[in-house]
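Following: one structure in structure tokens, then a few remarks.
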Amino acid sequence: LYFELEPGATSNFESHNYEHAVLILRGRGVVRLGDQLHPIKFGDTLFVSVDEVHQFRAADDDMLGFMCAVLDKDLRVTVHGEQHLTKYPE
């Protein structure tokens, strides 16, 4: 799945019942993994563990585009069927 955030926008602060890899394909920003913030930019990759709370934020002056890929072949079926999504207050 590909996502794009306008400058200064954030994704949901959420977790999933599956792990996934993320490839930054446009711009720059920050990813929040649990309580830690990490700068991200075009070309970076990261790994989000099962049930790890995470959020993406685009830089104030740049778009942020990223692709998420579920790594486990068996879990991909679950993701397209029933899945667990938990949103957390920011």
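- In this structure, the side chain of Asp44 engages the main chain of Lys41 through a donor-acceptor pair within 3.5 Å.
- Judged as a ring pair (Phe, Tyr, Trp, His ring centres under 6.0 Å), the pairs with a partner in residues 43-69 (not counting sequence neighbours) are, in order, Phe3-Phe66, His16-His54, His20-His54, Phe56-Phe66.
- Hydrophobic cluster membership of Val30, counting Ile, Leu, Val, Met, Phe, Trp and Tyr whose side-chain heavy atoms lie under 4.5 Å apart directly or via other members: Leu37.
- To the nearest 0.5 angstrom, Asp62 atom CG is 12.0 Å from Phe42 atom CZ.
- Salt-bridge check for Arg28 with Asp61: passed, with a basic side-chain N closer than 4.0 Å to an acidic carboxylate O.
- Heavy-atom minimum distance, Pro7 versus Ala58: CA-CB, 4.1 Å.
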Candidate pair Ser49 and Glu19, rule side-chain contact (heavy atoms from CB on, under 4.5 Å), full reasoning: CA-CA 5 Å; Ser49 299; Glu19 62 188 12; 5.5 Å; no
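- Atom CZ of residue Arg32 and atom CZ of residue Arg57 lie 12.0 Å apart, to the nearest 0.5 angstrom.
- Of the possible polar contacts, one joining the Gln55 side chain to the Ser11 backbone as a donor-acceptor pair under 3.5 Å is found.
- Using a 4.5 Å cut-off between side-chain heavy atoms of Ile, Leu, Val, Met, Phe, Trp and Tyr, with links allowed through other members, Ile24 and Tyr2 fall into different hydrophobic clusters.
- With sequence neighbours left out, Asp35 forms a salt bridge (Lys or Arg N to Asp or Glu O under 4.0 Å) with no residue at all.
- Side-chain atoms of Val22 and Cys68, non-hydrogen and from C-beta on, do get closer than 4.5 Å to each other.
- The shortest side-chain heavy-atom distance between Leu64 and Arg26 does not fall under the 4.5 Å cut-off.
- In this structure, Glu52 has no salt bridge (Lys or Arg N to Asp or Glu O under 4.0 Å) partners at least two apart in sequence or on a different chain.
- Partners of Thr45 by side chain to side chain contact (heavy atoms under 4.5 Å, CB included), not counting sequence neighbours, listed by chain and number: Leu23.
- Applying the side chain to side chain contact (heavy atoms under 4.5 Å, CB included) rule to Ala9 yields the partners Leu5, Glu6; only residues at least two apart in sequence or on another chain are considered.
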